[in-house]
Q: 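Here it is: the structure, laid out below.
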Number of protein chains: 2
Amino acid sequence: MTKGAPGVQSESASTSLRTRSQHQRRKRIVQAAAALASRGGVEAMQMRTVAERAGVALGTLYRYFPSKMDLVVAVVGEEIDLLEGSIERRPPTATTPSGRAVDVLMRATRGLMREPELADALIRSLIIAEVDTPLGDRMTGLLLRAAGHELSTETATEEQYALAGALASVWVHELLEMLRGRRTYEQIQRRIEIVATRLLADFPTPPSA
Amino acid sequence: MTKGAPGVQSESASTSLRTRSQHQRRKRIVQAAAALASRGGVEAMQMRTVAERAGVALGTLYRYFPSKMDLVVAVVGEEIDLLEGSIERRPPTATTPSGRAVDVLMRATRGLMREPELADALIRSLIIAEVDTPLGDRMTGLLLRAAGHELSTETATEEQYALAGALASVWVHELLEMLRGRRTYEQIQRRIEIVATRLLADFPTPPSA
DNA sequence: GGGCTCAGTAGAATGCGTTCTATTTCGGCG
DNA sequence: CGCCGAAATAGAACGCATTCTACTGAGCCC
């Protein structure tokens with residue numbers, strides 16, 4: 001994390017006028033970027049074009065997002081927020097840990113399938129990005145909470161964390177294969193089920209009341 | 001596969017003079033590329049520089065490798081050849097399927113660690129590349145043969161193939177984390193062991209004679 | 001032996017991410 | 001009120017992958 005970059009606002013005291021307008025600007029940029037990416041993928045999301053659409057100068061864009069990758073990561077972040085919200089609203093109902101994990105992953109898969117161009121760009125970048133808080137970790141966290149009873153990033157054992165992480169990375173890989181046209185949705189589901197049952201077999205389940 | 005690209009020689013009848021010199025050229029290019037990448041990673045491996053070092057014109061380089069990615073993939077291919085050779089010469093000796101798989105993967109890990117810059121470039125590209133024969137598949141094949149008794153890409157069940165593929169993708173992901181400095185060799189080993197024992201638990205073992 | 005084809009060459013041109021420069025705008029503070 | 005400094009702006013500049021152009025040379029077929 002470098003100095004006064006407005007990219008991530010460390011939610012401190014006063015939401016000053018300036019902070020607010022920065023927030024607006026940042027939001028507009030991400031929106032413009034997402035819109036462009038959803039038509040035509042990363043290549044359509046050119047920095048000049050994003051800046052133009054967002055109504056900011058190229059330099060300003062680069063102030064908020066020091067590289068194209070950072071911008072892409074921000075867009076992915078929004079998508080994950082959406083998924084997280086959806087899970088909170090309607091938690092997975094399956095009775096086994098692996099069932100719940102599969103539910104979460106396939107829901108995410110469907111979400112991404114809706115915007116293939118965007119998804120492709122985002123997933124690839126997600127893998128490559130050298131970000132401080134990699135987005136794969138967020139998926140791992142989601143999986144832990146969904147799959148294990150009373151489990152979270154904090155309470156999980158190292159082993160559980162490794163297993164959830166492994167499942168997340170398999171999912172990402174399968175998703176990539178789908179976007180390349182080498183998997184159907186059904187194949188992914190089958191493969192994820194196969195892997196999830198093996199990996200999450202001894203995750204804690206709620207006391208069957 | 002496009003038309004007359006000399007990149008991949010469809011090993012037909014006569015190794016004509018022309019074919020031979022093409023082969024030499026191709027080899028020189030890949031060597032130059034690998035040498036450059038092993039210092040300074042992908043960014044040091046600039047197309048102009050590769051061409052120069054290989055003693056060919058930029059246009060020629062692009063005739064053999066239509067994009068930088070194709071060149072990178074060729075370099076990765078060489079590395080996998082090396083690993084394959086090493087495994088044939090000295091097959092894994094562990095007694096369980098997962099033990100043998102871990103052996104193979106950790107051997108590959110050590111090989112790649114020796115040239116971190118190269119490895120980083122290669123692994124990333126390996127993930128992203130839109131190649132016809134993705135290199136991940138080759139790792140999956142290696143794992144199948146190493147882990148399962150009398151198993152190969154042809155004889156494996158769909159389930160076994162999915163499981164070996166999953167293990168390969170987890171390994172790639174862990175490797176990437178290592179190259180980013182977020183894992184040590186020991187952590188990877190531990191994680192791969194955890195995952196491999198779960199995934200390969202019911203792979204066929206030789207009749208304990 | 002002459003023309004055809006096509007690999008090869010040198011190098012200019014293009015596109016896009018990123019950086020740099022000079023200038024302007026504006027909120028806050030003495 | 002007037003000034004300071006951070007944030008914005010327009011736009012040029014730079015680097016590198018990729019593409020394009022015009023030319024040369026060597027094997028090959030009739």
Side-chain angles (χ1 to χ4, degrees), chain A residues 2-9 13-29 32-33 36-37 40-75 121 124-125 128-130, chain B residues 2-9 14-29 32-33 36-37 40-74 121 124-125 128-130:
Chain A
T2 39
K3 45 178 181 173
V8 174
Q9 218 43 48
S14 63
T15 306
S16 73
L17 273 179
R18 176 167 295 170
T19 325
R20 189 141 32 199
S21 81
Q22 279 181 357
H23 200 265
Q24 287 312 309
R25 224 177 271 264
R26 196 189 139 82
K27 208 161 139 189
R28 274 217 320 283
I29 292 175
L36 283 166
V42 229
E43 48 258 42
M45 179 180 144
Q46 296 175 203
M47 295 305 262
R48 285 172 172 72
T49 319
V50 171
E52 191 180 310
R53 291 284 198 100
V56 300
L58 189 55
T60 308
L61 172 51
Y62 270 94
R63 162 176 293 279
Y64 282 80
F65 300 95
S67 80
K68 182 168 180 171
M69 191 61 82
D70 293 81
L71 181 50
V72 171
V73 166
V75 177
R124 281 163 197 269
S125 319
I128 297 309
E130 316 237 14
Chain B
T2 40
K3 43 178 180 171
V8 174
Q9 221 35 54
S14 62
T15 307
S16 73
L17 274 180
R18 177 168 293 169
T19 324
R20 189 141 31 200
S21 83
Q22 279 182 356
H23 200 265
Q24 286 312 310
R25 225 176 270 265
R26 194 188 140 81
K27 208 161 142 191
R28 275 217 318 284
I29 293 176
L36 283 166
V42 227
E43 50 257 42
M45 179 180 144
Q46 296 176 203
M47 295 304 263
R48 280 177 223 283
T49 320
V50 171
E52 193 181 309
R53 291 284 199 100
V56 301
L58 188 56
T60 308
L61 172 51
Y62 270 93
R63 161 177 294 278
Y64 282 81
F65 301 95
S67 80
K68 183 169 180 170
M69 189 62 80
D70 294 81
L71 182 49
V72 171
V73 166
R124 282 165 197 268
S125 318
I128 295 310
E130 317 236 16

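Numbers restart at 1 for each chain; the letters A, B, ... are given by sequence-line order, proteins then strands.
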Q: Between D/dT18, D/dA8, C/dG17, spot the one nearest the side chain of A/Met47, thanks.
A: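 My answer, after comparing the listed nucleotides, is C/dG17.
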Q: Got a list of protein N/O to nucleotides 19-24 of chain C N/O distances below 3.5 Å?
A:
none

Q: Where is the tightest heavy-atom contact between A/Thr60 and A/Arg25, given as atom of each residue plus distance?
A: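 So the minimum-distance heavy-atom pair works out to CG2-CD, 4.1 Å.
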Q: Taking 4.0 Å as the cut-off, does a side-chain nitrogen or oxygen of A/Arg25 come that near to OP1 or OP2 on D/dA8?
A: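 Answer is yes, contact under 4.0 Å.
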Q: Look at the side chain of B/Arg63 and decide which nucleotide, out of C/dT9, C/dA7, C/dG17, has an atom nearest to it.
A: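 Closest nucleotide among those given: C/dA7.
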Q: Considering residues at least two apart in sequence or located in another chain, which fulfil the side-chain hydrogen bond (donor to acceptor under 3.5 Å, both in side chains) criterion with A/Thr49?
A: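 For A/Thr49, no residue satisfies side-chain hydrogen bond (donor to acceptor under 3.5 Å, both in side chains) once neighbours in sequence are set aside.
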Q: What's the CZ-C1' distance between B/Phe65 and C/dA7, to the nearest Å?
A: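 Whole-Å distance recorded here is 15 Å.
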Q: To check you understand the geometry: which heavy-atom pair defines the closest contact between B/Val50 and B/Ala33, and what is its length?
A: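 Residues B/Val50 and B/Ala33, closest heavy atoms: CG2-CA, 4.1 Å.
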Q: Tell me the closest heavy-atom pair linking B/Arg53 and B/Ala32, and the distance in Å.
A: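 Nearest heavy atoms, B/Arg53 then B/Ala32: CB-CB, 3.8 Å.
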Q: What heavy-atom pair brings A/Phe65 and A/Ala74 nearest, and what distance separates the two atoms?
A: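 The answer is CE2-CB, 3.6 Å.
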Q: Which whole-number value in Å describes the distance from A/Arg26 CZ to D/dA7 P?
A: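 In whole Å, D/dA7 P and A/Arg26 CZ are 15 Å from each other.
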Q: Which listed nucleotide (C/dT18, C/dT9, C/dC16) is nearest to the side chain of A/Gln46?
A: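 In terms of side-chain proximity for A/Gln46, the closest of C/dT18, C/dT9, C/dC16 is C/dC16.
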Q: Taking all heavy atoms of A/Met45 and all of A/Ala37, pick out the closest pair and write down the distance.
A: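 Closest approach of A/Met45 to A/Ala37, heavy atoms only: SD-CB, 3.8 Å.
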Q: Atom NZ of A/Lys68 and atom P of C/dT18: how far apart are they, to the nearest Å?
A: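 So the two atoms are 8 Å apart, to the nearest Å.
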Q: So does A/Thr60 get a side-chain nitrogen or oxygen closer than 4.0 Å to the phosphate oxygens (OP1/OP2) of D/dA7?
A: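 Negative; the distance criterion is not met.
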Q: Can you tell me the distance, in whole Å, between the CG atom of B/Leu61 and the P atom of C/dA10?
A: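 These atoms are roughly 13 Å apart.
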Q: Please state whether the phosphate of D/dA7, meaning OP1 or OP2, lies under 4.0 angstrom from any side-chain nitrogen or oxygen of A/Tyr64.
A: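 A/Tyr64 to D/dA7 OP1/OP2: no side-chain N or O under 4.0 Å.
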Q: How far apart are the closest heavy atoms of B/Leu61 and B/Val56, and which atoms are they?
A: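 Looking at all heavy atoms of both residues, the shortest contact is N-CG2, 4.2 Å.
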Q: Rounded to whole Å, please give me the gap between CD in A/Gln24 and P in D/dA8.
A: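 After rounding, the gap between these two atoms is 13 Å.
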Q: If you take any heavy atom closer than 4.0 Å to DNA chain D, which residues from residues 48-56 of chain A end up in contact?
A: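 Those residues whose heavy atoms fall under 4.0 Å from DNA chain D, taken from residues 48-56 of chain A in numerical order, are A/Arg48, A/Gly55, A/Val56.
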Q: Let me know the distance between CE of B/Met69 and P of D/dA17, rounded to the nearest Å.
A: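 Distance, rounded to whole Å: 12 Å.
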Q: Could you state the interatomic distance from CG (A/Leu36) to CD (A/Glu43), rounded to the nearest 0.5 Å?
A: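 Taking CG in A/Leu36 and CD in A/Glu43, the distance rounds to 12.0 Å.
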Q: Rounded to the nearest angstrom, tell me the gap between atom CE in A/Met45 and atom P in C/dG17.
A: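 Answer to the nearest Å: 9 Å.
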